[in-house]
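This report refers to the structure that appears directly beneath it.
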2 protein chains.
Amino acid sequence: MIKTDKHTHRSELSRGALLILDAAESLFAAKDFDAVSINEIASHAQTSKANIFHHFKSKEALYISVLKNACERSVSALNEVNSQLSDDPLKQLNQFFAGHLQAILSSPLSTRLIQRELLENGEQKGKLLAEEVFSDTFANVVRLVKQAQDKGMIRQGIDPSLLAFLMFGANVVFFESRSVLKHLPDVNFTESPEEYSSAIFDLLTHGFK
Amino acid sequence: MIKTDKHTHRSELSRGALLILDAAESLFAAKDFDAVSINEIASHAQTSKANIFHHFKSKEALYISVLKNACERSVSALNEVNSQLSDDPLKQLNQFFAGHLQAILSSPLSTRLIQRELLENGEQKGKLLAEEVFSDTFANVVRLVKQAQDKGMIRQGIDPSLLAFLMFGANVVFFESRSVLKHLPDVNFTESPEEYSSAIFDLLTHGFK
DNA sequence: GTCTATAGGCCGATAGAC
DNA sequence: GTCTATCGGCCTATAGAC
């Protein structure tokens with residue numbers, strides 16, 4: 001766990017602090033840590049700079065609160081996806097894959113925050129992110145793959161973690177690349193995540209051969 | 001083209017300027033634009049702050065020089081990969097895929113720079129990046145897929161650009177995720193890009209079924 | 001809890017000597 | 001081309017009134 005002496009969960013924060021947290025989230029999601037000033041957050045939250053330092057002991061502490069919140073929201077969104085699955089392991093996999101992409105796209109702020117954290121601080125905080133954010137969901141998908149494998153619906157030669165990784169990866173890359181994808185000729189799937197999901201899943205299922 | 005009144009190609013730069021450029025590249029690759037100060041670049045290049053402003057008209061101009069250089073190096077590395085291919089379209093695809101991952105991993109500085117540029121400025125500069133960096137290489141791979149499709153080696157239902165995208169994406173995500181991947185249990189492919197390449201290509205070829 | 005005012009530091013960029 | 005010295009500005013963070 002990250003250690004912070006102040007409250008970090010939304011439920012423990014006062015109303016004023018929540019406004020600050022939300023303003024900070026949208027700004028930290030849009031721009032790098034250093035590119036966001038406390039003044040800017042203050043004016044977005046319609047309060048004063050000093051008041052931010054009253055609620056959060058430093059700029060970094062505020063950032064960490066924002067990040068933890070985003071991680072929690074992200075994890076719980078994925079748990080929700082995980083809880084609404086059918087019985088057929090293959091269908092489960094398909095549903096999870098589509099749901100994951102939807103979750104990513106419907107909370108672009110959290111996604112961007114985590115993505116940047118991975119890019120800038122991955123080498124230091126990779127372990128933390130692995131354990132607190134990705135581990136459970138990833139393990140669940142790996143388990144799904146293994147179940148399907150046991151029932152003969154996925155061939156034995158497949159490495160479950162590799163398939164799981166590629167499924168997550170396909171979604172993440174879609175999110176990351178949209179801004180450039182839409183300017184490439186002959187790319188038709190940018191505007192339709194559902195089509196993308198089902199086309200990728202079909203490709204992974206049957207291969208291109 | 002980005003317009004810059006100063007020289008931006010390495011060959012046009014003096015020795016002093018090159019030292020600055022290299023120092024700047026390693027720092028800009030490691031940290032965000034705002035997190036790198038001219039003072040820091042100066043001390044890494046063993047020169048003075050003022051001298052940097054003598055060679056580059058602003059911090060941003062220096063950053064753009066660094067970025068353009070990285071893009072050019074990245075493009076030419078991929079062209080090299082593209083030029084060493086066999087006749088069989090499918091083998092070509094496989095070779096390109098493996099070569100692309102190798103190229104990414106062997107120039108992590110350029111890769112990180114471009115990745116960050118996409119993350120931070122993708123919405124504005126997505127078109128520029130698409131046209132100047134990704135377009136040609138992407139088109140080449142799409143063409144490879146179509147050739148293989150014409151020869152019946154890839155089934156007709158496959159969208160060539162989708163397959164090409166997933167191949168690039170699989171490599172990019174591998175690069176991005178290594179710092180967290182290596183902390184996930186049951187993931188064995190992190191340390192071996194070659195294994196990863198061939199396993200993914202096999203998965204894409206035959207599917208998991 | 002919220003404010004104004006300000007401390008103290010580092011920033012990008014410039015002037016001008018050599 | 002390279003340097004030292006310096007400017008004006010914005011930054012995080014704090015002091016202290018209300």
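In what follows, chains carry the letters A, B, and so on, assigned in the order in which the sequence lines appear, proteins first and then strands, with residues in each chain numbered from 1.
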Measure from the side chain of S48(A), starting at C-beta and using heavy atoms only, and say which of dG1(D), dC3(D), dT2(C) lies closest.
dT2(C)
For H54(B) and dG1(D), give me the distance from atom NE2 to atom C1', rounded to whole Å.
5 Å
Can you measure N39(B) atom CG to dC11(D) atom C1' for me and round it to whole angstrom units?
16 Å
Report the distance from atom CG of L19(A) to atom P of dG1(C), rounded to the nearest whole Å.
13 Å
Are T47(B) and dC3(D) close enough that a side-chain N or O sits under 4.0 Å from OP1 or OP2?
yes
Report the distance from atom CD1 of I52(A) to atom P of dC11(D), rounded to the nearest whole Å.
12 Å
Side-chain donor-acceptor pair under 3.5 Å between E25(B) and Y63(B), yes or no?
no
Please give, in whole Å, the distance from dA7(C) C1' to F53(A) CZ?
13 Å
If you look at every strand shown and take non-hydrogen atoms under 4.0 Å, does S37(A) touch a base, only sugar-phosphate, or nothing?
sugar-phosphate
Taking CG from N51(A) and C1' from dC18(D), how many angstroms apart are they, rounded to a whole number?
14 Å
L27(B) CG to dC11(C) P: how many Å, rounded?
12 Å
Check whether the side chains of S37(B) and N39(B) place a donor and an acceptor atom closer than 3.5 Å, and report yes or no.
no
Ring-ring centroid check F96(A) F168(A), cutoff 6.0 Å
yes
Work out which heavy atom in R116(A) is nearest to a heavy atom in A29(A); give both atom names and the distance.
NH2-O, 3.4 Å
Of dT6(C), dT2(D), dA15(D), the nucleotide closest to the side chain of K49(A) is dT6(C)
Which nucleotide in the set dT2(D), dT14(C), dA13(D) lies at the smallest distance from any side-chain heavy atom of K59(A)?
dA13(D)
Rounded to the nearest angstrom, tell me the gap between atom CZ in F56(A) and atom P in dA13(D).
13 Å
